[in-house]
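All residue numbers in this chain count up from 1 along the given sequence. Remember, it's 1-based here, ligands and their atoms both numbered in the order they're listed.
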Amino acid sequence: MPHAPFGSCLPSTPRAFTHRPATRRLATGAALCALIATALAPSAHAQIPLEAEMSARATAAAVPPTPAVPGPWMDTKLSPDERARLLESQLTLDERIGMLHGIMALPYKIAGLPDGVVWSAGYIPGVPRLGIPALRETDASLGVTTPHRLRPDGATGLPAGLAIAATWSPELAYQGGAMVGDEATRKGFNVLLGGGVNLTREPRNGRNFEYLGEDPLLAGTLAGQAIRGTQDQHIVATVKHFAINSQESSRRAVNAVIDEAPLRESDLLAFQFAIEAGKPGSVMCSYNRVNGPWACDNDFLLNKVLKGDWAYPGWVMSDWGATPALSAAMNGLDQQSGEQIDKEVFFDKPLKAAVEGGQIPAARVSDMVRRILRSLFATGVFDVKAPTGPIDFQAHADITRTVAEQGIVLLKNRGDVLPLSTQGGATKGKRIAVIGGLADAGVLSGGGSSQVLAGDGPNHDYKNGAFIHIGGTGELVHISDAVYQPDAPLAAIEAKAGKDTVFFADGRYVSESVVAAKEADIAIVFATQWNIEGQDVPDLSLPQGQDAVIAAVAAANPNTIVVLETGGPVAMPWLDKVAGVVEAWYPGTRGGQAIANILFGDVNPSGHLPITFPRDESQLPSPVLAGFYEHDRTKLFDAHYPEGADVGYRWYAAKGLTPLFPFGYGLSYTTFTQGGLKAAAGTKAGEAMKISFTVTNTGKRAGQDVGQVYLVSGPQGSRTRLLGFGRVDLKPGEKKTVSVSVDPRLLADFDTQAHAWKVAAGSYTVALGSDAQSLGEKQTVTLKAQTLKP
Ligand code: BGC
């Protein structure tokens, strides 16, 4: 059985928590499983039997902060490294070891949790005699989570990472990160376990919705800004899952096999950009193996690349239960997380014994601790008092709604069927059928550790949404429900409809959907695809017969518009038959309003795809997902990546394939032209090329466009890579210039012999693109050879 968090609620010997005596004992073994099962039962949220325990473990904000202890390390004029060195030198070996491992802070496989531990993702005790705070860790990139509804507080949920990426807006990514950081600190946490930046290498990966798409520049830039936003709230952010955790199927058994150069030019480059821009205090290594060793016990990834080549100064924490052995301590792992779901707490007694026996140098343990302290100093956790006032939920609702609005992608708009305000809407007395997708209840969100429950503290908004048990074979599905955040699109559409008549059919039956469609002037079908951590999707179809409903509705009504709430790309066998398609992803806790604002034209759509939508699985580098049909999730196997560095759109370009919708694609209710491309060799360090171009709004409405510049060929031949982008807000007739500074690594190859990035001398052709396959004006620039550090 894999060490699934909650996944294997089998009778097991609970591990006593050893940091402090447990004063509050929870049920153990089978009783604990029953308790978790009851607390987590879909229908139990109205009368959770753990009320007393829940309120005792309400929020970390109720826990008194650890008072600072005066010492030279509190001198803010010293560097974080120096402060960490001074403080670390005061610690005993036991205190050091105590900081290097921690629990999943949930009543699971554990005999008791220390007082003051609130239910959340993780907890590592501090050293109060020296003013070192406990690490109170919460997930994650899309908002502060309430794991398994075991705390009474909700939070503002951002749209999916793919929606954030579809904004192509570093500013919005920053604001989202800052919003989550603010809520986390006000809830008393000091470590946020986000942002995730794994590339969408496998479009069927069940966690793609948490990440930022398939391109290293776009994903890395936005992750870096989200991390910066979070850490500006004086909380440590965590970039994850390092690395090449490209699928969830057998994530604890799969070995990602890929050569060093393509790895550096794709997945690792996304991390490199994110770390450079965001300077996250921690990095979380992943569950999978990479070219043999486990990612958390991987000298190449952790020591050579991360801490060596990139000189990363923060700490590496394991994913929960991803520490395979004590050897990880010498292979670069600094902290064992979620220890009760590992085989052993390697970083407790075994680590101490190894230090005392001389197998692991004491200096390495000091290094591990210094890295943690350094990040706490660098982010201000020691120096800045966490805010205590209430969360400004109204302001945060505006942020999440704005991200959703700007991340929704209009994929098709035949005959300008949208916006509805020009069709009917408001006053024209049309009949609008809203069909399916639980649009009457809410908007879908992704499951797993990133699951946010909407709510402003005691109001428990989330209880008004819908919790649907879907099930499956993944690690977490049997204790998780699909959560529909309670901002129902139907209500938001009704609120805008004026004299229009809006009626709803739930979409479960084709016949009923067809009747509704026939009665309507406009049919809006909501189609959902629930994705969850720990489980991939087998193919690109919409589940539960929704493709058939859409096809039948489209046959019955020519004005059919499909609104997708999906965690990744889906095939659209009905595409030619429908008039409009809107990809709303998982749109967050104000998603219903955002969707209605787009449909009615209060907001002009401006999202652009951060991933390619394939026509079907035959276009994928691996048409069958490795390990998907393997039921023994512990069976080790290799996943190969024939695409190498050519992830996503680069694969389609290299193979001459035309996808359903290309990376970068997105329509607007206005029109734009891009032109005036100028490209020249860079003039400063870190700039290979300087590019500028103009974007003009040639339509009649204000709107935002995303200008994109791609490399189309270099001295090595043709190759497509996104080099830069810029989002511009334009009034009708207005024109703006976008300037882009090109990072040389985007033009380079990674030379493993020379252990360096190499930009070859020669001609480079760049092109303006409204997406990765619609390239316009071109310019060629001659560059000198350049070698850059890894
Ligand atoms: C996930 C991480 C998460 C951790 C703590 C793991 O299952 O992979 O992303 O941060 O749990 O909840």
TODO: Without swapping roles, check the side chain of Gln529 against the backbone of Glu565 for a donor-acceptor pair under 3.5 Å.
DONE: no

Task: All ring-ring contact (aromatic ring centres under 6.0 Å, His included) counterparts of His396, not counting sequence neighbours - done: none

Open item on the list: Applying ring-ring contact (aromatic ring centres under 6.0 Å, His included), can you list everything that pairs with Tyr484, at least two apart in sequence or on another chain?
Closed with: none

Open item on the list: Once you restrict to heavy atoms under 4.0 Å, what part of Met284 touches ligand 1? Side chain, backbone, both or neither.
Closed with: side chain

Task: Residue portion contacting ligand 1 (non-hydrogen atoms closer than 4.0 Å) for Arg207 - done: side chain

Task: Minimum non-hydrogen distance to atom 6 (C) of ligand 1, winning option of Asp319, Leu193, Leu192 - done: Asp319

TODO: Would you check whether His241 reaches within less than 4.0 Å of ligand 1, judged by its heavy atoms?
DONE: yes

- [ ] Mark the output for Glu533 as yes if a heavy-atom distance to ligand 1 is under 4.0 Å, and as no if none is.
- [x] yes

Using a 4.0 Å cutoff against the non-hydrogen atoms of [X], which atoms of ligand 1 qualify?
X	answer
Arg251	7 (O), 8 (O)
Ala121	5 (C), 12 (O)
Lys240	2 (C), 3 (C), 9 (O), 10 (O)

Task: side chain to side chain contact (heavy atoms under 4.5 Å, CB included) assessment of Ser450 paired with Asp139 - done: CA-CA 6 Å; Ser450 69; Asp139 286 300; 5.8 Å; no

- [ ] Give the minimum heavy-atom separation between Ile235 and Phe189, together with the two atoms involved.
- [x] CD1-O, 3.7 Å

- [ ] Report the C-alpha separation of Ser120 and Thr138 in whole Å, then their side-chain angles, then the decisive distance to 0.1 Å, and conclude whether the side-chain hydrogen bond (donor to acceptor under 3.5 Å, both in side chains) test is met.
- [x] CA-CA 6 Å; Ser120 68; Thr138 178; over 6 Å; no

